[in-house]
Amino acid sequence: MPTTQNKRVFSEIETAEYIGMSRSFLRQSRMEGNRQNRTPAPPFIKIGRAVRYLKEDLDNWLDSFYRFENTSQCYVGDNHA
């Protein structure tokens, strides 16, 4: 059986573990779609009734989030340079 790192397609359980989010986040984001002020859902595919996530899509989804260089950038409205 391939490890998560060698797989191309992930189940919901494997996806939750891979991206570090809960299964309920994945389910809710699939049902509700992208909403304002919420983390957008990662792309998914359906094969029959089965919901699957492509590793490439998950990697791109993770890369789409801004990376903070240090914690001082996390504060909104901080005018100190």
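Here the structure is a predicted model, which means the values were calculated and not measured.
With sequence neighbours excluded, the residues forming a side chain to side chain donor-acceptor pair (under 3.5 Å) with E12 are R23, R27, R30, listed by chain and number. S64 meets the side-chain contact (heavy atoms from CB on, under 4.5 Å) test with no other residue; sequence neighbours excluded.
Side-chain contact between K55 and Y18 is present, with heavy atoms from C-beta onward closer than 4.5 Å. Contact check for D57 versus F10: no side-chain heavy atoms found under the 4.5 Å cut-off. Residues T15 and V51 form no side-chain contact, since every pair of their non-hydrogen atoms from C-beta on lies 4.5 Å or further apart. A 4.5 Å side-chain heavy-atom check between I19 and Y53 finds every atom pair outside the cut-off.
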Test side-chain contact (heavy atoms from CB on, under 4.5 Å) applied to T39 and F25, step by step: CA-CA 9 Å; T39 302; F25 163 77; 4.0 Å; yes
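Across all non-hydrogen atoms, the minimal contact from P42 to L26 is CG-CD2, 3.7 Å.
Hydrophobic side-chain contacts under 4.5 Å tie I13 to no other Ile, Leu, Val, Met, Phe, Trp or Tyr residue.
In this structure, CE on M21 lies 9.5 Å from CG on L62, to the nearest 0.5 angstrom. From R52, atom CZ reaches atom CZ of R8 across 14.0 Å, with rounding to the nearest 0.5 Å.
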